[in-house]
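One-based numbering, in listed order, for ligands and for the atoms of each. When a residue number appears, it is its place in the shown sequence, counting from 1.
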Amino acid sequence: MSEATAQRLAELRDQLNFHAHRYYVLDDPLISDGEYDRLFQELLALEAEHPELVTPDSPSQRVGGEPRPEFRTVTRAIPMLSLDNAFSAADLLKFEERLQRFLNSDEPLTYVAEPKLDGLAVELVYEQGLLQEGSTRGNGRTGEEITANLKTIPSIPLRLISRPGQIIPARLAVRGEVFLSVAGFSALNAQRREKGEPLFANPRNAAAGSLRQLDSRITAQRPLDFFGYGVADSSELACAGQGELLAALAAMGFKINPHVRTNATMAEVIDHFHLLAEIRLQLDYEIDGMVVKVDSLELQQRLGNIGAPENPRCPRWAIAAKFPATQATTRLLAVEFQVGRTGAITPVALLEPVSVGGVTVSRATLHNEDMIRSKDLRTGDTVLIQRAGDVIPEVVKPVPEMRQGSEEPIRMPTLCPECGHPLVRPENEAVTRCPNPQCPAQRLRALVHYTSKAGLDIEGLGKKVMEQLFSLGLVTDIPDIYRLRAKDLRGLAGWAEISADNAIAAIEASKTPTLGRFLTALGIRHVGEGVASLLERHFHTLNQIQQATLEELLEIDGIGLQIAESLTRFFEKPENREMLEQLFELGLTITEPVADETRSRPLAGTVFLFTGSLAAFSRDEAKARVKALGGQVASTLNKKVTHVVIGDKPGSKARKAAEQGVTILAEEQFTTLLRQPELITNSGPHQLALF
Ligand code: IVH
């Protein structure tokens, strides 16, 4: 009896999944809605009688489940990256040139051009063909686990379709975009207006709000949709290029955007951009540009990513061509002058609120004094503003025809609006600054940065809380954070015993940052995450960085004069040295970064120098390959260089290197080394024995 039931249930699941795919993915149903409903009701009834027979790929699992207290985070081995932008056909041609230069080849490349969907990127992990875990992109490396919510989206397969002869990898992480149709968005907002609930500004926000529901039953009621466009690791799929990969995803049951152009030359890619710009407003979902991808997966592999290998920013093989920004006119009511973390004064335009591309804009940056001057902006002006992609809104220009005569020129203040200290504007610099290190606005911003996600990410010490603690004088500098006691917080407005204890625990937990993280948190000018991780790899201890001379810093590939000077200036200041000392006294200790098991670094400790031209790859690719394996690259022969790779027509470096006793590699040896980097035996920087 129960075997017959189990069999009927399996049949129903297969039928319902098949028909849902026909309906939601292919938009080509074979049965009526009524028939589908009858099958679905039969499934629900049988499952209600036999809850033990409910499987994770049953269509009944799409309705959502019990609300959760919070989302779990997931960390992925292969991060989800962002894309560089192109704003013109010329930018796309430059992109192609860069690729050819990197690959050291004039061969024309073949591309795939896809609409850039304006939704939310997610990752769906399938194990043995079954949807196991879904997550948001988050910061790329870690995102939020939202499996229950993603399961409610009818076009996301709960089980991959496997066709005879097609191999489905044991684990497959599919990436794509969750979005809300324009019609779905309007219907949702109409409903919300009726209920007196706040409206969503655009389909993207509505999709984001719907996906981040702790109660997946609410998500289930939102008409979300999904297009697949990639996988984290394509090595187990028998695909040669992005075009084939999209076809493979379609065969597995994913919805693939119909306006994809495959097998295209760059000229055809540019044509496709114009086509997409034309049909854009007729589509039932929002797109904000086109993504161009090098078709060949092998070339994608060679091209790799831009950014530090352990912290890549975007793939070198893809670019986002953005549609021209959306513009609107409004009135410039006043200008506010904000003091940033490093003392920079930024003029901010306060605008009469206006909707630009679906988002209400009431503030826009004016960047600096020169920009105000060059545009001849005045308060009271009617101004043209624009929003390009997710970029902050900006004022393009005034509309002088609309002037009434009462408009006032905008003057940069001469005194800091926060501390009253006279402002300075160094010659040859566009930025006006408050040079007072005691300026409360700067101190507060530095504190907010230190505890924020970009810094040490101390939970419970967000911007609002830091403002509160600062204004009460409880925290006036970074060491003060570590002097806080639960009793200091308990009595304050908005604090309870638990939140106070939690904050103190989070502060305690933040006492063992990695070097890179700590450097980023300090908010030294020009030292962001990328530079900090470069420094971490190069120096290993804070003390070494503090001791490093300008020359030593400049030897590091990726560190220029501006960064090096900023670092030495920071560590020279007695107040900064004092602050670091206090932090260490208060128990802060820098920890070794956890070894990343997903990537081995066989070339760690080596420093490569290239001379002469290589036949198989460009200098850039050769450098990137070394860095990806954990090695470093130098541009001049210095005492840290461990290997010199000699190409055709080498310079004098080769001879000098030989004199210094540095290991010298011919191109073929270098290529072998890249293939089998474990062959390297590192017996000290100067006597490396190879093979
Ligand atoms: S490929 C590694 N393809 O664009 C390549 N991304 O700026 C990046 N996006 O977060 C992903 N449509 O949300 C790719 N057809 C498409 C896309 C697309 C939209 C978004 C995605 C990602 C962002 C990158």
closest protein heavy atom to atom 23 (C) of ligand 1 is Lys116 NZ, 4.0 Å

- Message: Pairs of nitrogen or oxygen atoms closer than 3.5 Å, one from Leu117 and one from ligand 1: do any exist?
- Response: yes

Please indicate whether any nitrogen or oxygen in Leu81 is less than 3.5 Å from any nitrogen or oxygen in ligand 1. no

Notebook entry, point to check: Below 4.5 Å, heavy atoms only, C-beta onward: do Lys293 and Pro315 meet side chain to side chain?
Noted result: no

Exercise for review: State, without any angle test, whether Glu145 and Thr147 hold a side-chain donor-acceptor pair at a distance under 3.5 Å.
Suggested key: yes

Between Arg302 and Glu298, is there a side-chain N and carboxylate O pair less than 4.0 Å apart? no

- Query: Do Glu144 and Arg212 pass the salt bridge (charged side-chain N to carboxylate O under 4.0 Å, His left out) test, and can you show the C-alpha distance, the side-chain angles, and the key distance before you say yes or no?
  - Reply: CA-CA 9 Å; Glu144 285 175 324; Arg212 292 201 68 262; 2.8 Å; yes

Atom 17 (C) of ligand 1 sits nearest the protein heavy atom Tyr229 CE2, 3.4 Å

Counting heavy atoms under 4.0 Å, the part of Ala318 that contacts ligand 1 is neither

Are a donor atom and an acceptor atom from the side chains of Glu114 and Gln242 found within less than 3.5 Å of each other?
yes

closest protein heavy atom to atom 1 (S) of ligand 1 is Lys293 NZ, 3.4 Å

Honestly, for Met80 the part within reach of ligand 1 (heavy atoms, under 4.0 Å) is neither

At under 4.0 Å between heavy atoms, what of Pro115 touches ligand 1? The answer is backbone

Based purely on interatomic distance, does Glu114 place a nitrogen or oxygen under 3.5 Å from a nitrogen or oxygen of ligand 1?
yes

Residue, atom and distance of the protein heavy atom nearest atom 13 (O) of ligand 1 read Glu177 OE1, 2.7 Å

The protein heavy atom nearest to atom 2 (C) of ligand 1 is Pro315 CG, 3.5 Å

(request) State, yes or no, whether a side-chain contact exists between Met252 and Tyr126 at a heavy-atom distance under 4.5 Å. (result) no

_I'd like to know if the side chain of Asp620 pairs up with that of Ser618 as donor and acceptor (distance under 3.5 Å, no hydrogens or angles considered)._
no

Note: Leu83, heavy atoms under 4.0 Å from ligand 1, region reported as both

Do the rings of Tyr111 and Phe95 sit parallel, tilted or perpendicular, given the 30° and 60° boundaries?
-> tilted

